[in-house]
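Residues take their numbers from the sequence shown, with the count starting at 1. Quick caveat: nothing in here was measured; it's all calculated off a predicted structure. Worth knowing before you read on, the calculation uses all heavy atoms, side chains too, and leaves out hydrogens, waters and symmetry mates.
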Amino acid sequence: QVQLVESGGGSVQAGGSLRLSCATSGYSQGSYCMAWFRQAPGKEREEVATFFTHGRTTTYADSVKGRFTISQDVQGTLYLQMNSLNSDDTAMYYCAAEGPFIATTSCDGLSAASFEYWGQGTQVTVSS
């Protein structure tokens with residue numbers, strides 16, 4: 001059973017930076033698609049970035065390209081480095097995982113509904 005625990009959220013002024021962390025445990029053998037999602041009040045959950053563990057391939061939403069970076073360290077902790085934050089980035093941020101995969105090589109085709117494992121979320125608030 002995969003467990004995910006986010007941390008690192010908080011309040012920051014526009015233009016500032018935050019780094020979110022997602023501690024992971026309980027993986028089985030195989031590859032996983034890891035992702036960060038966010039949900040603002042009254043809006044649908046939005047995929048922010050994905051990381052496929054085999055090959056360490058990444059994808060980003062257009063709204064965060066060039067500002068956010070997703071990565072994973074050797075202990076399996078997933079990170080989201082967020083720079084040049086603006087008020088549109090204000091949301092609850094969630095870490096998610098799906099897998100294990102044996103033959104799949106990317107996160108392509110996975111939607112929020114596809115992810116079985118979710119963290120509890122961490123709030124990011126950006127003030128202008």
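- Contact between Ala14 and Ser128 at its shortest, heavy atoms only, is CB-CA, 4.1 Å.
- Looking at residues two or more places apart in sequence or on another chain, you find a side-chain contact (heavy atoms from CB on, under 4.5 Å) between Ser111 and Ala113, Ser114.
- When all heavy atoms of Cys33 and Thr50 are compared, the closest pair comes out as SG-CB, 4.4 Å.
- Ser17 has its side chain within reach of Gln81: a pair of non-hydrogen atoms, C-beta onward, lies under 4.5 Å apart.
- For the atom pair Glu6 CD and Cys22 SG, the distance stands at 5.5 Å (nearest 0.5 Å).
- Scanning both residues, Thr53 and Gln72, for their nearest heavy atoms gives CG2-OE1, 3.6 Å.
- Under a hydrophobic-cluster definition in which Ile, Leu, Val, Met, Phe, Trp and Tyr are linked whenever side-chain heavy atoms come within less than 4.5 Å, directly or via other members, Phe101 and Trp118 are assigned to the same cluster.
- Within the hydrophobic cluster formed by Ile, Leu, Val, Met, Phe, Trp and Tyr side chains joined at under 4.5 Å, directly or through other members, Tyr60 is accompanied by Val2, Leu4, Val12, Leu18, Leu20, Tyr27, Tyr32, Met34, Trp36, Val48, Phe51, Val64, Phe68, Ile70, Leu78, Leu80, Met82, Leu85, Tyr93, Tyr117, Val124, Val126.
- If you take OG1 on Thr69 and CZ on Arg19, they are separated by 11.5 Å, rounding to the nearest 0.5 Å.
- Counting heavy atoms of neighbouring residues, nucleotides and ligands inside a 6.0 Å radius, atom CD of Gln120 exceeds 12 of them.
- Phe52 places none of its side-chain heavy atoms less than 4.5 Å from the side chain of Asp108.
- Residue Met92 holds its CE atom at 8.5 Å from OG1 of Thr125, rounded to the nearest 0.5 Å.
- In terms of heavy atoms, Leu110 sits closest to Glu47 at O-OE1, 3.8 Å.
- Minimum heavy-atom separation, Glu46 to Ala61: OE2-CB, 4.4 Å.
- Taking each heavy atom of Gly30 and Pro100 in turn, the nearest pair found is CA-CB, 4.0 Å.
- In this structure, CD in Gln1 is found 9.5 Å from OG in Ser28, a value given to the nearest 0.5 Å.
- With a 4.5 Å cut-off on side-chain heavy atoms, Arg38 and Ser63 count as touching.
- The shortest side-chain heavy-atom distance between Thr90 and Gln123 falls under the 4.5 Å cut-off.
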